[in-house]
2 protein chains.
Amino acid sequence: MSGTTVRVLVVDDHPVVRSGLVGMLAVEPDLDVVGEAADGQAAVDLAARLRPDVVLMDLRMPVLDGVGATAALTAGAPGGGPAPRVVVLTTYDTDADILRAVEAGATGYLLKDTPRDELVRSVRAAARGQTVLTPTVATRLVGSVRTSAERLTPREAQVLGLVAEGLSNAEVGRALFIGEATVKTHLLRSFAKLGVDDRTGAVTEARRRGWLA
Amino acid sequence: MSGTTVRVLVVDDHPVVRSGLVGMLAVEPDLDVVGEAADGQAAVDLAARLRPDVVLMDLRMPVLDGVGATAALTAGAPGGGPAPRVVVLTTYDTDADILRAVEAGATGYLLKDTPRDELVRSVRAAARGQTVLTPTVATRLVGSVRTSAERLTPREAQVLGLVAEGLSNAEVGRALFIGEATVKTHLLRSFAKLGVDDRTGAVTEARRRGWLA
DNA sequence: CCAGGGGTCCACCGGACGGTGGACCCACCG
DNA sequence: CGGTGGGTCCACCGTCCGGTGGACCCCTGG
């Protein structure tokens, strides 16, 4: 990082949120907002030019979402040089968002209801390479690690996804070129992993955990 | 309203969003942000004291949500006087949110991805009593009016809600003190109204339309 | 090598669900 | 007053789903 000031890039598709973040950070003398982007692709392009120390990134964005952009940024800058620290800043705290962001290489995960001073402190901490997590997120993260063996297999997720669309077992079978009995087996295994005992409960629970589109 | 300046109250539980809105509006000479609130109850209390012309209101908030606060505000100030115009400003654009907000008396409905200048114009228009709707919202609104005959009855919504929780027909029947056969009838009528033919599809479709919690 | 585990696949029952038909009550209206 | 319509309720079938048991394949490690 350049001297003692932290170079920050703000990425969010909502103008209101960008304005709020810039306003909150700009008054801090040691924080310097060097740019803004409205989608993930623009963020990656801008980061390559501006070389920020910290990227504040929303997850739900058009063109390229926050997870993809985070992965691209933490993979390393194309011209060499240090990769920026990515702090995810989102409204939601579902398991899937957290896991996907952390897997993509995010240094921090904050919710948008974070108060101003905590946000500022988090940006400074992230610049030093420290991991920053809101308590809610930390709890969910350890919870998901604890039950990590309970993830759905690709096939199970695929079947459950079609069931969520309202397809019957026979229809799912025809769609995937497998027998109806097989569809039922995948669903049963999904039920066990989700802790429910019927298809409707499975869909709502999977949706709650963010395992479904 | 007092002279030519518009008095605005900003209501959102996210500090970032409040900061962004204040920053966007404060630079306009004819707009005066007279206060901020972090939940619906605080908004109602503050509005009674500050007498704003326009209230920019989020929907998802603790204590008292945006719909309740909107209803309280548009019902009229306790000391008499004109009720403020409420402009709902939210992330989501589901039918239920729109309908509930409009029914509660909202003058406008904007999404948080609204660009800055459109937001400013909307606040001025709302102060004059004009209705402001984003195109997406307007489309959904006429769509929901068009299919207004297709709304679920209270009992049907109640049954479908329990089914969404994963309850079986028999369990729903016991919970509501009705026979299992009756539960099925309510579900079948729901299926017809939603254009689906099984419980899982009904739950996802109802959720998509915002007819479910 | 083969033993073990995870993932995917399938056949067979009992109970639950989707569908039809009809009853009752109440509000509205000619 | 009787008729009409909507909302809620229920009984009876045929079908589909939830549950058990077991097969196969691939990969990994002893």
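Hydrogens, waters and symmetry mates play no part in the numbers below; they use all other heavy atoms, side chains included. By convention in this document, chain letters (A, B, ...) are assigned in the order of the sequence lines, proteins followed by strands, and residues within each chain are numbered from 1.
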Original post:
Counting any heavy atom closer than 4.0 Å, what does A:Ser168 reach on the DNA or RNA strands: base, sugar-phosphate only, or nothing?
Top reply: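 Answer is sugar-phosphate: A:Ser168 comes under 4.0 Å of backbone atoms only.
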**OP:** Tell me what A:Arg189 touches on the nucleic acid: a base, only sugar-phosphate, or nothing, going by heavy atoms under 4.0 Å.
**Re:** base
Check [X] against [Y] and note the closest heavy-atom contact, atom names and distance.
X: A:Leu176; Y: A:Gln158; result: CD2-NE2, 3.6 Å
X: A:Pro84; Y: A:Val55; result: CB-CG2, 3.9 Å
X: A:Thr91; Y: A:Leu111; result: O-CD2, 4.2 Å
X: A:Ala69; Y: A:Met57; result: CB-CE, 3.7 Å
X: A:Glu156; Y: A:Ser190; result: CB-OG, 3.5 Å

**OP:** Salt-bridge test for B:Glu118 and B:Arg121: reply yes if a basic N is under 4.0 Å from a carboxylate O, no otherwise.
**Re:**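 Looking at B:Arg121 together with B:Glu118, the answer is no, because their closest N to O distance does not fall below 4.0 Å.
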Atom-pair distance ([atom1] on [X]; [atom2] on [N]), nearest Å:
X: B:Leu188; N: C:dA16; atom1: CG; atom2: P; result: 17 Å
X: A:Arg199; N: C:dA16; atom1: CZ; atom2: C1'; result: 12 Å
X: B:Leu187; N: C:dG19; atom1: CG; atom2: P; result: 11 Å

**OP:** Could you list by number each residue of residues 175-184 of chain B showing a heavy-atom separation from DNA chain C of less than 4.0 Å, or answer none if no residue does?
**Re:**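 Heavy-atom contacts with DNA chain C come from B:Glu180, B:Lys184.
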Original post:
For DNA chain D, which nucleotides open and close the run of contacts to chain B, 5' to 3', at under 4.0 angstrom from a non-hydrogen atom?
Top reply: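 Boundary nucleotides touching chain B, in 5' to 3' order, are D:dG7 to D:dA11.
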**OP:** Start with the C-alpha distance between A:Lys112 and B:Asp12, add both sets of side-chain angles, then the distance that settles salt bridge (Lys or Arg N to Asp or Glu O under 4.0 Å), and finish with yes or no.
**Re:** CA-CA 11 Å; A:Lys112 282 187 181 166; B:Asp12 198 303; over 6 Å; no
Subject >> OP1 or OP2 of C:dA16 under 4.0 Å from side-chain N/O of B:Asn169 >> reply: no
**OP:** Evaluate the salt bridge (Lys or Arg N to Asp or Glu O under 4.0 Å) criterion for residues A:Arg18 and A:Asp13: first the C-alpha distance (whole Å), next the side-chain angles of each, then the deciding distance (0.1 Å), finally the verdict.
**Re:** CA-CA 8 Å; A:Arg18 286 204 307 275; A:Asp13 57 332; over 6 Å; no
